[in-house]
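Below: one structure, written as structure tokens.
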Amino acid sequence: MATELGPTPVKGPASGGTPVHHGPKGVGEDNKILSQGKWATWLLAPTIIALGIVIVYPIISAIVMSFQKDAGLDPATGLFTAGGPAGIQNYVNWLGQQCAAPGGGTVACPPGTLGGQFWSATGTTFLFTVITVTFETILGFWMAMIMARTFKGRGLVRAAVLVPWAIPTAVTAQLWLFIFAFEGIANKLFNASILWTGSEWPAKWAVIIADTWKTTPFMALLILAGLQMIPADVYEAAKVDGATAWQRFRLITLPLVKPALMVAILFRTLDALRMFDLPYILTGGANNTTTLSILVINQIRQGFNSAAALSTITFIIIFLVAFIFVRFLGANVVEQSGATGKGKK
């Protein structure tokens with residue numbers, strides 16, 4: 001037998017009186033959310049304005065300067081020129097390693113000049129980045145695995161590991177300069193006579209070793225944060241199922257720590273691409289250890305506009321590397337997280 005459903009009666013108060021009619025709940029909640037959004041906008045506005053002044057304005061200013069000529073003597077006439085529009089000539093000169101010719105126009109930059117070091121500096125920058133980030137990731141993962149365990153004195157070990165990262169880079173470079181001196185600890189320890197900062201590959205390895213020593217704790221700290229997010233129950237269940245230590249590492253640790261690992265590698269890669277103070281203090285950029293940042297600083301002394309073009313090229317390179325990390329490596333992490341969430345549902 002079907003039962004007819006009528007309108008829901010309005011309930012009156014228990015003690016009698018006029019019945020209470022409740023308005024729609026969504027209206028008040030929407031007004032509250034709108035009010036909170038306005039407050040958030042006003043609170044964030046000072047920070048956004050400050051970031052615009054500190055970050056956006058210098059970038060736009062550098063881009064505008066990069067399309068201007070540097071003031072100086074005109075090679076063709078010998079007269080002083082105040083600069084003026086240059087179009088994309090500054091970019092063409094850097095990418096093609098072209099320098100101004102005495103009779104006008106451009107010619108290939110002689111070896112040893114700043115204009116002739118662009119591609120070698122780019123290669124050196126990427127060489128330092130690839131090798132140092134690889135070493136720091138491996139050593140940082142190993143250190144994070146140790147610090148994630150429970151043992152006596154773990155807090156002391158964690159604090160001691162962070163000491164190299166806490167030391168200013170200029171102090172670190174000077175410290176390793178003493179170590180790599182001809183009569184320094186490195187040669188004494190290995191009973192060798194290597195001019196660490198006097199030839200190309202020893203100088204490059206000196207920079208790589210010093211940078212790895214300083215920044216590995218940063219990688220270890222970020223990876224450790226990812227390891228601590230993994231539930232211990234997952235490892236216990238794997239042990240009950242008979243999984244070996246290698247299987248637990250490959251099938252549990254690596255997939256679950258991948259988001260934190262990718263973030264650590266991204267941050268460290270972007271930082272390594274901007275490397276300046278460590279090689280500058282250790283070698284002064286000599287023996288083919290000049291990075292893009294060192295090249296920019298050296299070019300500033302000869303012309304701001306040309307240096308602005310080089311800094312813009314460096315910015316674009318770093319941006320493209322970051323885009324590749326976020327678009328390809330980051331997208332895979334998001335897809336895996338979404339697939340995991342759907343599987344749980």
Side-chain angles (χ1 to χ4, degrees), residues 94-95 97 109-143 164-165 167-220 264-300 310-311 313-315 317-318 320-321:
W94 281 114
L95 296 176
Q97 298 190 156
C109 294
T113 58
L114 294 179
Q117 298 181 38
F118 173 76
W119 289 111
S120 63
T122 302
T124 299
T125 302
F126 276 94
L127 176 71
F128 285 158
T129 300
V130 171
I131 297 179
T132 56
V133 173
T134 300
F135 286 168
E136 289 160 8
T137 302
I138 296 173
L139 295 175
F141 209 122
W142 174 66
M143 292 167 60
W165 184 48
I167 298 176
T169 306
V171 178
T172 300
Q174 195 64 43
L175 172 66
W176 282 96
L177 185 61
F178 294 147
I179 294 175
F180 288 126
F182 186 75
E183 297 292 338
I185 300 174
N187 283 341
K188 295 291 184 183
L189 184 63
F190 297 104
N191 194 22
S193 300
I194 302 175
L195 293 173
W196 287 96
T197 59
S199 53
E200 180 176 350
W201 281 105
K204 289 182 176 180
W205 279 109
V207 174
I208 291 170
I209 293 172
D211 189 71
T212 302
W213 178 84
K214 174 176 174 52
T215 324
T216 295
F218 172 77
M219 298 289 289
I265 294 176
L266 172 61
F267 285 175
R268 183 63 200 113
T269 299
L270 300 183
D271 190 42
L273 288 172
R274 299 181 293 106
M275 188 184 300
F276 167 75
D277 38 8
L278 191 62
Y280 189 80
I281 296 174
L282 268 177
T283 65
N287 299 310
N288 201 18
T289 58
T290 298
T291 61
L292 286 173
S293 296
I294 293 177
L295 195 60
V296 171
I297 298 300
N298 291 337
Q299 179 60 36
I300 287 177
L310 180 57
S311 64
I313 295 173
T314 305
F315 170 77
I317 292 174
I318 295 175
L320 290 176
V321 172

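- Taking the side chain as every heavy atom from C-beta outward, I281 and T169 never approach each other to under 4.5 Å.
- Annotation: the span from T124 atom OG1 to I294 atom CD1 amounts to 9.5 Å, rounded to 0.5 Å.
- Side-chain contact between L175 and W213 is present, with heavy atoms from C-beta onward closer than 4.5 Å.
- Taking CD1 of I208 as the reference point, atom OG1 of T129 lies at 10.0 Å (rounded to 0.5 Å).
- The aromatic rings of F135 and W205 lie parallel to each other, their planes meeting at an angle below 30°, with 60° marking the opposite boundary.
- Here the side chains of I317 and L320 are not in contact, with every heavy-atom distance at 4.5 Å or above.
- Side-chain N or O atoms of K204 include none that pairs as donor or acceptor with a backbone N or O of F128 at under 3.5 Å.
- What you find for L295 and T290 is that their closest heavy atoms are N-CG2, 4.0 Å.
- The shortest heavy-atom contact between L282 and A173 is CD2-O, 3.6 Å.
- Interatomic distance, K214 NZ to T132 OG1, rounded to the nearest 0.5 Å: 13.0 Å.
- The shortest heavy-atom contact between L273 and T125 is O-CG2, 3.6 Å.
- Atom CH2 of residue W165 and atom CZ of residue F218 lie 6.0 Å apart, to the nearest 0.5 angstrom.
- Across all their heavy atoms, P202 and I194 have their closest contact at CB-CG2, 4.0 Å.
- Under a 3.5 Å cut-off, the side chain of S293 and the backbone N or O of R274 do form a donor-acceptor pair.
- Atom CG of L292 and atom OG1 of T122 lie 4.0 Å apart (nearest 0.5 Å).
- Around the CZ atom of F267, the shell of radius 6.0 Å holds no more than 12 heavy atoms that belong to other residues, nucleotides or ligands.
- Other residues, nucleotides and ligands place no more than 12 heavy atoms under 6.0 Å from the CD1 atom of I185.
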Using side chain to side chain contact (heavy atoms under 4.5 Å, CB included), reason through W142 and T216 one step at a time and then give a plain yes or no. CA-CA 10 Å; W142 174 66; T216 295; over 6 Å; no
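- Using a distance-only test at 3.5 Å, with no hydrogens or angles considered, a donor-acceptor pair links the side chain of S120 to the main chain of Q117.
- Q97 contributes a side-chain N or O that, together with a main-chain N or O of W119, makes up a donor-acceptor pair within less than 3.5 Å.
- Looking at D271 and R268, a side-chain N of the basic residue comes within less than 4.0 Å of a carboxylate O on the acidic one, giving a salt bridge.
- Interatomic distance, CG of L310 versus CZ of F315, reported as 14.0 Å (0.5 Å rounding).
- Of all heavy-atom pairs spanning T212 and E136, the tightest one is CA-OE2, 3.5 Å.
- In this structure, T291 contributes its side chain and M275 its backbone to a donor-acceptor pair below 3.5 Å.
- For the pair T197 and N287, the tightest heavy-atom approach, listed with the atom from each and the gap, is O-ND2, 3.0 Å.
- Side-chain atoms of F180 and T283, non-hydrogen and from C-beta on, never get closer than 4.5 Å to each other.
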